[in-house]
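Below is one structure, written out as structure tokens; the observations come after it.
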Amino acid sequence: MEKQLRKKLENKEILLMTHIVLGYPSLDVNREVIEQMVSNGVDCIEMQIPFSEPMADGPVILKANQEALAGGTKVDDCFTFAAEIIQQHDIPFLFMTYYNIIFKYGEEAFFKRAADIGMKGFIIPDLPPEMGESFLALADKYKIAPVLIFTPTSTDTRMEELASHGRGFIYCAARRGVTGSKSEFGDDFKEYLGRCRAATNLPLAVGFGIRSKEDIDVLKGKADMAVIGSRTIQLVESEGAEAVGPFIARLR
Amino acid sequence: MEKQLRKKLENKEILLMTHIVLGYPSLDVNREVIEQMVSNGVDCIEMQIPFSEPMADGPVILKANQEALAGGTKVDDCFTFAAEIIQQHDIPFLFMTYYNIIFKYGEEAFFKRAADIGMKGFIIPDLPPEMGESFLALADKYKIAPVLIFTPTSTDTRMEELASHGRGFIYCAARRGVTGSKSEFGDDFKEYLGRCRAATNLPLAVGFGIRSKEDIDVLKGKADMAVIGSRTIQLVESEGAEAVGPFIARLR
Amino acid sequence: MDANGFFGSWGGAYIPEVLYQTFQDLKLEYARCRKDPAFWEEYIHLMSTYSCRPTPLTHAENLSNHFGGAQIYIKREDLNHTGAHKANNVMGQGLLVKRMGKKRVIAETGAGQHGMATATMAAKFGLDCTIYMGEEDVLRQRPNVFWMEKMGATVIPVKDGSRTLKDAINQAFRDWVTNVDDTHYVFGTACGPAPFPEMVSWFQSIIGIEAVDQIIQAHGKMPKKIYACVGGGSNAMGIFKRFLEEDVELVGVEAGGHGANSGAHAIRLASSDATPGVAQGYKTMFLQDEDGQMKHTHSVAAGLDYVGVSPILTDLWEKKLVRFESATDEEVMQALDLTMKKEGIIPALESAHAFAGAFREVGKLSVDDAIIINQSGRGDKDIFTIAHAFEDPSWEKFIIDRGKEYSKKHSG
Amino acid sequence: MDANGFFGSWGGAYIPEVLYQTFQDLKLEYARCRKDPAFWEEYIHLMSTYSCRPTPLTHAENLSNHFGGAQIYIKREDLNHTGAHKANNVMGQGLLVKRMGKKRVIAETGAGQHGMATATMAAKFGLDCTIYMGEEDVLRQRPNVFWMEKMGATVIPVKDGSRTLKDAINQAFRDWVTNVDDTHYVFGTACGPAPFPEMVSWFQSIIGIEAVDQIIQAHGKMPKKIYACVGGGSNAMGIFKRFLEEDVELVGVEAGGHGANSGAHAIRLASSDATPGVAQGYKTMFLQDEDGQMKHTHSVAAGLDYVGVSPILTDLWEKKLVRFESATDEEVMQALDLTMKKEGIIPALESAHAFAGAFREVGKLSVDDAIIINQSGRGDKDIFTIAHAFEDPSWEKFIIDRGKEYSKKHSG
Ligand SMILES: Cc1ncc(COP(=O)(O)O)c(C=O)c1O
Ligand SMILES: Cc1ncc(COP(=O)(O)O)c(C=O)c1O
């Protein structure tokens with residue numbers, strides 16, 4: 001996946017990754033939203049398999065997880081849907097979910113099926129590398145990038161350690177906290193991004209609270225990819241799937 | 001008072017003492033009730049000065065105490081009323097009350113005023129002789145009979161001790177408990193009365209739960225005086241003061 | 001106590017004749033127990049295995065710093081089984097009842113704490129149990145009633161007089177004179193006819209006996225002052241007794257209600273409203289009118305809302321061995337609030353009077369000195385009163401919703 | 001515990017990266033404390049002056065006679081300050097927080113007991129405090145909420161998911177990842193990411209350490225069996241830990257709710273409904289569906305109503321060192337009733353599960369044997385649940401009347 005992203009970066013100042021919660025509000029709407037995202041220039045999409053205990057997510061994504069589950073979304077549905085989407089769109093897709101989904105499915109079976117459908121990476125916010133020995137081995141075996149996370153509380157040493165296990169790109173959380181609310185991009189943030197850059201050669205994706213063109217402009221030159229999460233979910237809620245395309249288009 | 005009672009006993013098989021609560025339902029009604037009692041042959045009347053904590057009284061007299069106080073009855077009113085009544089009727093009258101009424105008034109002042117109006121005795125259910133040294137001395141000084149109480153729990157020794165302090169007559173409580181509810185006059189009772197008789201030469205008045213001619217008939221030959229308490233209070237409540245005379249008349 | 005049960009000119013046993021023999025038996029058994037070291041040992045064993053004696057002495061550092069005066073120590077009677085010092089007295093009397101072979105106990109209760117403790121003791125000792133409780137107190141302390149019933153006791157609401165503690169006591173006496181042979185009346189405080197004031201104080205004296213060692217260990221010397229709330233006087237006597245031998249100022253805090261001049265209070269010794277009297281079986285200072293009729297009293301704390309006071313305390317007051325103060329309902333709520341926030345401790349409303357009394361004075365002492373506050377009970381049983389007094393909106397909403405739910409159930 | 005926080009194959013620390021450094025610091029400080037005898041001494045001193053440790057071991061003679069089997073001893077964690085074993089853990093973590101210099105604590109709470117304990121500790125140690133509590137539990141345990149607020153804590157009702165304990169935990173984690181620098185998350189039971197399971201068990205182990213001496217003194221030898229209820233597992237680990245070294249059968253009793261086959265229960269280890277999983281930061285047996293989504297659980301006891309269980313207990317279960325049973329809501333109410341009537345003791349609904357489990361088996365043992373039941377807490381805080389469950393008519397009337405009074409006040 002790293003290569004794919006680097007290639008895209010040759011033509012763009014910054015890449016765009018978006019986030020959807022599978023099954024929220026429905027797989028049909030997901031399909032439409034992805035269509036709009038891809039055709040408006042999104043470079044990468046993380047598809048969250050809903051989990052009942054999304055401890056690292058803020059209110060918007062938390063609610064989306066709950067409603068997706070209440071609507072009957074199963075892990076199997078997510079795989080089937082993802083297979084179809086990957087077929088249709090020529091950008092890298094990732095699964096974002098919590099470790100229990102994979103653990104319960106059976107780690108190797110999960111990796112195998114994901115590889116079979118062409119999934120490029122996994123983001124698992126509750127699986128630090130210490131807990132993921134077999135996970136990381138399987139990622140290697142099935143060539144699926146385990147995307148690891150830097151945070152402002154990570155020391156330089158810790159960043160290096162994470163970088164040594166991460167593949168594809170590093171997800172830099174813009175701040176402490178959960179997904180959703182606004183981040184500040186002041187001096188502290190710049191210093192933090194500098195530390196991230198120093199710690200790894202992998203592309204840097206910055207997420208948490210990115211909501212507008214202004215936010216993205218700040219990141220240009222400092223990061224390789226901006227991650228839009230909760231914002232598009234809210235947009236679909238308030239204005240429908242068709243609002244996503246124009247919103248994405250306006251971001252650059 | 002003992003002499004007065006003995007004299008009456010010369011002509012009667014058994015004497016009758018009744019009980020009224022001063023100020024309940026009003027002093028006017030008390031006056032009428034006493035009138036009816038005396039003219040129908042009652043031999044002795046205990047007039048209760050109401051107290052807020054009548055711990056030895058059952059529900060009927062308890063309520064009468066409370067209402068008398070709620071109606072504004074004062075100790076001074078009781079004295080004034082008693083003075084008038086004693087003037088009018090030629091039978092012995094007693095004050096029945098709790099010790100605090102006397103204590104608070106001032107023991108000697110209370111005795112003096114009582115003696116002045118011709119009061120013959122006091123019944124104080126919460127003043128055992130051990131607590132009444134000065135009281136008994138004053139009773140002696142002012143020639144007011146301190147009426148003491150025998151109960152079925154009194155041992156022979158205790159009865160003798162009580163008898164040595166009592167004057168006028170002994171009040172034999174027919175049973176354990178408070179005023180008001182029915183007593184049984186079985187074998188135990190007879191044995192008890194026998195013990196009472198053996199312990200003292202004073203006349204014996206039997207009270208607690210005496211309500212009818214039958215009850216009184218049982219006492220004839222065994223006791224010198226029957227005490228009607230709660231029953232007449234209830235009668236006044238349900239049928240008015242004028243019912244008291246006929247009721248008393250029917251008792252012999 | 002002299003042979004007639006007097007402390008100075010206070011006390012005695014002004015009892016109906018029918019109880020004479022029972023009191024003789026009680027006094028005899030009590031005297032035997034006092035002479036028998038095995039009895040006290042059995043008592044200590046019971047209290048340290050069934051309740052949690054010795055109760056701790058807590059150094060309230062935050063409160064001490066807040067007032068900047070003496071070090072405040074809190075004697076934690078709230079940690080007793082059933083949540084108050086009442087357990088000490090009740091378990092002691094329970095052992096006595098066992099020795100006397102009686103099968104039934106009765107008790108009065110104001111705050112419900114003594115009723116709870118008695119019902120508990122009765123369950124443990126396998127005794128029948130009837131509790132008399134003023135109707136007004138039944139309303140104020142419903143949860144306690146529920147638990148007493150669950151422990152097998154019969155709770156009888158008393159509808160006479162002021163429908164509070166004193167009326168419950170009268171009613172208990174009426175029961176006792178009726179069922180004197182098999183029944184023991186577990187008097188709940190250091191009042192009533194002798195030997196109750198002394199006997200209850202004896203059982204409660206365990207508080208002070210423990211505290212003296214604890215304060216020496218924690219503070220290295222005797223405290224300057226000790227504060228206890230005074231309803232009937234049992235928790236106060238309990239902590240004071242041992243310290244009467246020492247050079248320590250003892251302060252009893254009475255219920256100031258709406259204020260000393262409001263007429264709505266229960267200040268017997270710290271105001272001139274009370275006069276000597278005889279009621280409920282003993283002689284003491286009562287809140288009564290000029291005829292000797294008992295007055296209505298008021299306190300936010302049901303357990304302090306009482307017309308009389310321990311004859312032992314009246315004697316100590318007369319001899320100036322104990323000083324008396326009062327705290328108003330309002331001061332008490334403030335003291336409660338401060339204690340919760342600063343120390344994470346919830347005193348019973350009764351106990352909060354002792355806190356309020358201490359808070360007024362502690363700042364004047366040196367930081368090298370110590371005082372002890374006797375926390376007679378825990379306040380979480382007072383939720384209905386305390387949440388009510390604080391007018392907590394979410395509590396009120398919660399109760400409204402629950403009430404509607406039950407209403408619907410009963411109508412539907 | 002191995003270096004990665006595992007007990008056998010259970011446990012670990014599945015935490016968001018943002019917490020990495022905080023966990024490093026926590027593990028370091030915890031390791032220092034374990035090595036420092038002065039820390040444990042300070043802990044014991046705190047618990048014996050602020051709470052009432054050692055808590056007593058009560059010989060329940062009446063219950064023992066009733067069942068005619070082994071002698072029943074009850075370890076009285078209900079007599080702790082704030083009314084449950086939760087105080088042990090919280091005070092220990094409080095000392096740790098002081099050492100780490102953090103200024104704010106957060107906690108989840110189910111029954112409200114852990115929230116109460118944390119709010120109390122925060123007041124005592126002068127810390128800011130936020131408590132997360134499932135909205136459903138806020139309704140079940142309103143009085144606790146009132147007291148937490150009165151002690152200065154902010155209580156946040158959690159409206160996500162099943163609105164019970166697990167959701168409160170998630171929400172607390174969300175707070176923690178946001179305020180990681182100055183905040184410590186006082187985990188309430190022996191679950192969650194390492195080092196919490198071990199650390200909480202360590203603080204709670206004071207229960208068993210005391211009990212071992214107490215049972216030898218009272219009974220002369222080791223007990224045959226020990227019973228504890230199991231929510232997260234902290235009170236069970238607390239009493240079991242020391243006895244793992246002895247030849248004593250350890251029995252954990254889980255919440256049977258409406259029955260093992262009803263789907264409405266919280267039986268993780270005593271039924272085959274649970275499967276291995278990873279959530280809330282650790283690996284254990286969870287009640288989850290085939291996709292790994294956590295199921296709704298049910299228990300009359302809010303504190304047992306939890307999808308996971310201590311990884312240490314899961315390991316002991318797998319190794320057959322602890323046996324697991326369950327008790328239904330109905331059995332629990334009966335056990336509670338019997339215990340109140342026979343012993344005058346009111347177990348918390350949670351604790352009553354241990355009683356129910358023990359009552360089923362105790363009759364089969366000899367009268368010369370002993371068992372210990374761990375009474376993790378007192379039940380009087382559960383008045384709203386217990387009075388409700390017993391459908392007590394005068395309680396319902398009381399609430400209806402109070403509700404009307406408040407309604408009138410708000411409309412008038
Ligand atoms: C907690 C508590 N403290 C104090 C009292 C007052 O009683 P006493 O003065 O006898 O200690 C009561 C009475 O119910 C009480 O419950
Ligand atoms: C009294 C009581 N017992 C038991 C529990 C269950 O927790 P654990 O299994 O951690 O002891 C709780 C939890 O709130 C509780 O309050």
Side-chain angles (χ1 to χ4, degrees), chain A residues 49-59 62-63 65-66 68-70 73-78 97-106 110 124-133 148-155 157-159 161-162 170-173 175-181 208, chain D residues 2-6 11-25 158-163 166-183 192-194 275-284 286-296 307-308:
Chain A
I49 305 177
F51 181 46
S52 57
E53 321 299 310
M55 64 142 84
D57 283 299
L62 166 59
K63 175 167 161 264
N65 272 263
Q66 286 174 6
L69 291 174
T73 309
K74 296 284 172 194
V75 174
D76 195 56
D77 303 332
C78 296
T97 193
Y98 289 83
Y99 181 56
N100 199 45
I101 298 296
I102 299 173
F103 178 78
K104 184 73 182 150
Y105 194 91
F110 195 94
I124 313 296
D126 65 345
L127 192 73
E130 297 80 17
M131 296 293 116
E133 204 180 324
L148 297 189
I149 300 167
F150 285 2
T151 81
T153 62
S154 308
T155 59
T157 334
R158 178 63 177 171
M159 284 184 180
E161 193 180 344
L162 291 167
I170 291 287
Y171 191 120
C172 305
R175 53 167 168 74
R176 293 156 179 79
V178 290
T179 53
S181 43
F208 279 39
Chain D
D2 72 14
N4 279 325
F6 283 91
Y14 297 82
I15 49 170
E17 191 55 36
V18 67
L19 294 177
Y20 178 82
Q21 194 51 44
T22 277
F23 269 82
Q24 292 298 103
D25 297 347
V158 176
K159 299 177 186 189
D160 311 307
S162 55
R163 297 174 297 133
K166 73 173 178 58
D167 311 285
I169 293 177
N170 292 333
Q171 204 58 35
F173 271 115
R174 290 184 191 107
D175 179 316
W176 205 13
V177 298
T178 310
N179 304 293
V180 54
D181 300 333
D182 67 338
T183 297
T275 53
V278 175
Q280 313 216 295
Y282 68 110
K283 185 186 288 182
T284 195
F286 282 102
L287 288 165
Q288 54 182 338
D289 71 12
E290 66 293 344
D291 267 7
Q293 313 296 355
M294 297 300 143
K295 285 193 188 165
H296 281 236
V307 289

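Please read these numbers as outputs of a predicted model, since none were measured by experiment. Naming convention: chains lettered A, B, ... in sequence-line order (proteins, then strands); numbering from 1 in each chain. Values below: all heavy atoms of this structure, side chains included; hydrogens, waters and symmetry mates excluded.
- Looking only at distances, no side-chain donor or acceptor of D/T178 sits under 3.5 Å from a matching main-chain atom of A/R176.
- For a residue to count as touching a neighbouring chain, one of its non-hydrogen atoms must lie under 4.5 Å from one of that chain's; by this rule A/L162 touches chain D with the side chain only.
- Annotation: maximal heavy-atom pairing with chain A below 4.5 Å, among D/G161, D/G281, D/S162, occurs at D/G161.
- Considering only heavy-atom pairs separated by less than 4.5 Å from chain D, the leading option among A/A173, A/P128, A/S154 is A/P128.
- Counting all heavy atoms, side chain and backbone alike, A/E53 lies closest to D/A279 at CG-CB, 4.5 Å.
- Comparing A/D76, A/I101, A/V75 by how many heavy-atom pairs each has under 4.5 Å with chain D, the most go to A/V75.
- Using a 4.0 Å cut-off between charged nitrogen and carboxylate oxygen, D/E290 and A/K104 do not count as a salt-bridge pair.
- Of the two parts of A/E133, neither the backbone nor the side chain holds a non-hydrogen atom closer than 4.5 Å to a non-hydrogen atom of chain D.
- Rounding to the nearest 0.5 Å places OG of A/S52 at 4.5 Å from CD of D/Q293.
- Using a 4.5 Å cut-off between heavy atoms, D/D175 makes no contact with chain A at all.
- Annotation: ring pair (Phe, Tyr, Trp, His ring centres under 6.0 Å) contacts of A/F208 (sequence neighbours excluded): none.
- Highest contact tally toward chain A, considering only D/T22, D/T275, D/V307, is held by D/T275 [criterion: heavy-atom pairs under 4.5 Å].
- Contact record, D/Y14 with A/D126: CB-O, 3.2 Å, taken as the closest heavy-atom pair.
- Both the backbone and the side chain of D/P276 come within contact range of chain A, with heavy atoms under 4.5 Å apart.
- Listed here is the closest heavy atom pair of D/E17 and A/T153: O-OG1, 4.3 Å.
- In this structure, the portion of A/Q66 lying under 4.5 Å from any heavy atom of chain D is its side chain and not its backbone.
- Using a 4.5 Å cut-off between heavy atoms, A/Y105 makes no contact with chain D at all.
- Counting heavy-atom pairs under 4.5 Å between each of A/T155, A/D57, A/L148, A/L127 and chain D puts A/D57 at the top.
- With a threshold of 4.5 angstrom between heavy atoms, A/Y99 approaches chain D through side-chain atoms but not through N, CA, C or O.
- Residues meeting the side-chain contact (heavy atoms from CB on, under 4.5 Å) test with D/Q24, sequence neighbours left out: D/Y20, D/Q21, D/K27.
- With a 4.5 Å cut-off on side-chain heavy atoms, A/L62 and D/R174 count as touching.
- If you measure heavy-atom distances from A/P54 to chain D, the contacts under 4.5 Å come from both the backbone and the side chain.
- A/M55 is not listed as a side-chain neighbour of D/W176, based on a closest heavy-atom distance of 4.5 Å or more.
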Take A/E130 and D/N4, measure what side-chain hydrogen bond (donor to acceptor under 3.5 Å, both in side chains) needs, and give me the verdict at the end. CA-CA 7 Å; A/E130 297 80 17; D/N4 279 325; over 6 Å; no
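- Contact count versus chain D (heavy atoms, under 4.5 Å) is highest, among A/I124, A/N100, A/T151, for A/N100.
- Of the atoms belonging to D/F286, not a single heavy atom falls under 4.5 Å from chain A.
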